[in-house]
Q: 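Here it is: the structure, laid out below.
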There are 2 protein chains.
Amino acid sequence: MSAPKLLLVEDDLALAELLEYRFENEGYEVRVTADGDEALVFASEDAPDLVILDWMIEGTSGIEVCRRLRRDKATAHVPIIMLTAREAEDDRVRGLETGADDYVTKPFSPRELLARVSAVLRRVRPALAGETIEAGDMKLDPVAHRVERRGRQLQIGPTEYRLLKFFMEHPRRVFSRSQLLDAVWGTGSEIEERTVDVHIRRLRKAIALDNSRDPIRTVRSAGYALEPV
Amino acid sequence: MSAPKLLLVEDDLALAELLEYRFENEGYEVRVTADGDEALVFASEDAPDLVILDWMIEGTSGIEVCRRLRRDKATAHVPIIMLTAREAEDDRVRGLETGADDYVTKPFSPRELLARVSAVLRRVRPALAGETIEAGDMKLDPVAHRVERRGRQLQIGPTEYRLLKFFMEHPRRVFSRSQLLDAVWGTGSEIEERTVDVHIRRLRKAIALDNSRDPIRTVRSAGYALEPV
DNA sequence: GCCCCATATGACGGAACTGCGACAGTGATA
DNA sequence: TATCACTGTCGCAGTTCCGTCATATGGGGC
């Protein structure tokens with residue numbers, strides 16, 4: 001369900017297979033292609049959580065794939081790890097310049113790549129690394145898609161779940177309604193800002209227990225924030 | 001809202017677009033232009049919090065833009081980061097001489113530039129980098145939208161919050177009523193100057209504690225200033 | 001001490017904002 | 001088909017907040 005989705009762009013078939021096997025073993029969902037254009041199609045079809053991109057591929061070059069991923073709003077924020085040959089210092093510079101988040105030089109051990117992937121995911125979105133997030137007396141398990149408070153399991157709808165997850169990933173921080181719309185509903189959603197209020201109310205109701213303080217703070221004229229108890 | 005506003009002056013369109021995405025992703029508000037004269041217009045229209053300035057642009061040169069920004073009182077204090085070619089050591093020297101705050105040599109990674117921007121903002125206006133600002137016995141957390149004094153939480157309304165934040169960013173300095181109107185209410189607000197007095201009173205009341213000195217100083221026929229205890 | 005002028009204070013009507021209940025539309029399920 | 005859970009929107013009510021005014025207070029020059 002919430003296994004992190006990787007897109008692997010690699011034209012060395014043996015290496016690609018090896019990595020696919022290793023990553024799937026670690027609980028990732030992997031999609032592989034050797035072709036740059038196909039990579040872009042895959043990425044726009046079903047946005048991956050992270051892209052592993054070989055710099056030297058046939059068709060559209062790595063650098064071009066990287067640039068186009070960044071240009072498309074839907075994939076602009078997807079982290080990219082690039083694979084480069086050791087000598088190609090120049091590529092590395094251009095890679096980072098184009099917006100790659102990290103790079104690994106060939107030859108590398110699959111373990112090293114696994115570690116990098118895990119590190120980048122943890123930095124970008126902790127929940128994707130498969131870790132449960134805790135905030136005060138609440139615990140959210142992104143893998144099982146479950147939320148509990150004080151050991152009690154909460155019944156919670158899809159939107160409220162995403163909303164709560166986002167709040168728990170950034171506790172204490174105040175978000176405006178439009179920021180929440182971008183983060184939870186997706187950028188460019190054309191939804192009334194007041195609708196956020198309604199879901200906040202639904203979320204409050206869903207996480208309420210007997211004699212428990214409401215952990216969601218309303219900041220007048222600014223937005224909402226989660227205050228862990 | 002409180003997203004730092006950047007003005008990016010860059011005539012390499014691909015690079016400009018890339019940076020725009022990255023910075024917007026990080027929560028900045030970005031305005032882009034390739035033209036030096038237009039940059040000056042933008043800057044005077046809506047003062048940015050920081051300017052990223054390519055040294056080699058068409059029209060009015062980077063150095064000239066920098067100099068004029070410094071000359072105009074409204075933008076004299078805005079920090080400037082310049083982008084230079086690696087070889088152009090000469091430019092770097094002249095840039096710093098002209099008043100740039102930092103420079104980044106091409107080629108660079110977006111991450112590096114992000115780090116520089118964040119560092120400069122932290123130095124110049126900590127609240128913009130999301131850091132808590134302290135003044136005397138008061139502490140303001142712009143991310144959580146909270147103010148405390150001597151460890152005690154203060155209850156404070158939206159306008160008083162903005163007013164206090166502005167004062168805490170510029171302690172000990174005296175501001176006239178019209179300066180405060182520009183800074184806190186926004187330029188072009190058509191509000192009676194006397195109204196400032198009222199909000200000053202409300203702010204004083206909001207931050208008052210038992211047996212604590214009033215940290216806001218009234219400067220007769222000049223304005224108000226915050227005197228940290 | 002007295003007067004003038006800038007500031008402080010209290011009050012008030014209206015605007016802005018949030019919480020709440022309700023409702024229709026949608027898609028999934030049985 | 002009927003049911004159910006979920007979503008987005010609306011209008012209303014309660015509350016807070018805002019800008020303005022009239023009036024009181026106080027400091028400084030004479």
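Convention: sequence-line order gives letters A, B, ...; per-chain numbering from 1.
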Q: Hey, does the side chain of Trp185(B) come within less than 4.0 Å of dC18(D)'s phosphate (OP1/OP2), counting only N and O?
A: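 Indeed not, no polar side-chain atom of Trp185(B) lies that close.
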Q: Hey, mind stepping through Leu6(A) and Val117(A) against side chain to side chain contact (heavy atoms under 4.5 Å, CB included) and telling me if it holds?
A: CA-CA 9 Å; Leu6(A) 305 184; Val117(A) 167; 4.3 Å; yes
Q: Of the listed nucleotides (dT9(D), dA8(C), dG19(C)), which one gets closest to any side-chain atom of Thr218(A)?
A: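 Nearest listed nucleotide: dG19(C).
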Q: Can you tell me which nucleotide in dT7(C), dA22(C), dT18(C) comes closest to the side chain of Arg201(A)?
A: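 My answer, after comparing the listed nucleotides, is dA22(C).
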Q: Without decimals, in angstroms, what is the distance between Leu203(A) CG and dG19(C) C1'?
A: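 Atom CG in Leu203(A) sits about 15 Å away from atom C1' in dG19(C).
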Q: Atom CD1 of Ile191(A) and atom P of dC6(D): how far apart are they, to the nearest Å?
A: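 Those two atoms, CD1 and P, are 17 Å apart.
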Q: Look at the rings of Phe166(B) and Phe175(B) and say which category their plane angle falls in: under 30° parallel, 30 to 60° tilted, over 60° perpendicular.
A: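 The arrangement is tilted - the two ring planes meet at 30° to 60°.
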Q: Using whole Å, what does the distance between atom P of nucleotide dT7(D) and atom CG of Leu181(A) come to?
A: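 One finds 14 Å between P of dT7(D) and CG of Leu181(A), rounded.
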Q: In this structure, which one of Val51(A), Ile52(A), Ile80(A), Val78(A) forms a side-chain contact (heavy atoms from CB on, under 4.5 Å) with Leu7(A)?
A: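 Among the candidates, only Val51(A) passes.
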Q: Please report, rounded to the nearest Å, how far the P atom of dT16(D) is from the NE2 atom of His199(B).
A: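 Distance check: His199(B) NE2 to dT16(D) P gives 17 Å.
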Q: Select one nucleotide: of dG19(C), dT20(D), dT7(C), the one nearest the side-chain heavy atoms of Tyr224(A).
A: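 So the side chain of Tyr224(A) is nearest to dG19(C).
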Q: Taking the side chain of Arg202(A) as its heavy atoms from C-beta onward, which of dG19(D), dT7(C), dT7(D) lies nearest to it?
A: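 From the listed options, dT7(D) comes nearest.
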Q: Any donor-acceptor pair, under 3.5 Å, between the side chain of Arg204(A) and the base of dG19(C), if you only look at N and O atoms?
A: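 No pair found.
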Q: Between Thr159(A) and dT7(D), does any side-chain N or O lie under 4.0 Å from OP1 or OP2?
A: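 Thr159(A) to dT7(D) OP1/OP2: side-chain N or O found under 4.0 Å.
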Q: If you take atom types as modelled and just measure distance, does the side chain of Arg194(A) reach the base of dG19(C) with a donor-acceptor pair under 3.5 Å?
A: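 Result: at least one qualifying N/O pair found.
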Q: Think Tyr161(A) has a side-chain N or O under 4.0 angstrom from the OP1 or OP2 of dC6(D)?
A: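 It does not, given that no N or O in the side chain of Tyr161(A) lies less than 4.0 Å from OP1 or OP2 of dC6(D).
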Q: Do Thr218(B) and Arg204(B) get their side chains close enough for a donor-acceptor pair, meaning under 3.5 Å?
A: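 Yes, side-chain donor-acceptor contact under 3.5 Å.
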Q: From the options dG10(C), dT7(C), dT9(D), select the nucleotide whose nearest atom is closest to the side chain of Val198(B).
A: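 Closest of the options to the side chain of Val198(B): dG10(C).
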Q: CG of Leu180(B) versus P of dG19(D): gap in Å, rounded?
A: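 Going from CG in Leu180(B) over to P in dG19(D) covers 13 Å.
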Q: Could you tell me the separation between the CZ atom of Arg177(B) and the P atom of dG19(D), rounded to a whole number of Å?
A: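 It works out to 15 Å between those atoms.
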Q: Measure from CZ on Arg162(A) to C1' on dC6(D) and round the result to the nearest Å.
A: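 That distance rounds to 11 Å.
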Q: Rounding to an integer number of Å, can you tell me how far Glu192(A) CD sits from dT9(D) P?
A: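 It is 5 Å, rounded to the nearest whole Å.
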Q: Check whether any side-chain nitrogen or oxygen of Ser221(B) sits under 4.0 Å from OP1 or OP2 of dA6(C), and answer yes or no.
A: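 Looking at the OP1 and OP2 atoms of dA6(C), neither is under 4.0 Å from any side-chain N or O of Ser221(B).
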Q: Between the main-chain N or O of Leu8(A) and the side-chain N or O of Arg31(A), is there a donor-acceptor pair closer than 3.5 Å?
A: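 No, Arg31(A) side chain to Leu8(A) backbone: no donor-acceptor pair under 3.5 Å.
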Q: Name the residue closer to the 5' end of DNA chain C, choosing between Gly223(B) and Ile200(A) according to the nucleotide with the nearest heavy atom.
A: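 Result: Gly223(B).
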Q: Side-chain N or O of Arg220(A) less than 4.0 angstrom from OP1 or OP2 on dT15(D)?
A: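 Indeed not, no polar side-chain atom of Arg220(A) lies that close.
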Q: Among dG19(D), dG19(C), dC18(D), which nucleotide sits nearest the side chain of Glu160(B)?
A: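 The closest nucleotide is dC18(D).
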Q: When you check the gap from the basic side-chain N to the acidic O, do Asp49(B) and Lys5(B) get nearer than 4.0 Å?
A: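 Between Lys5(B) and Asp49(B) there is no salt bridge, as every charged N stays at least 4.0 Å from the carboxylate O atoms.
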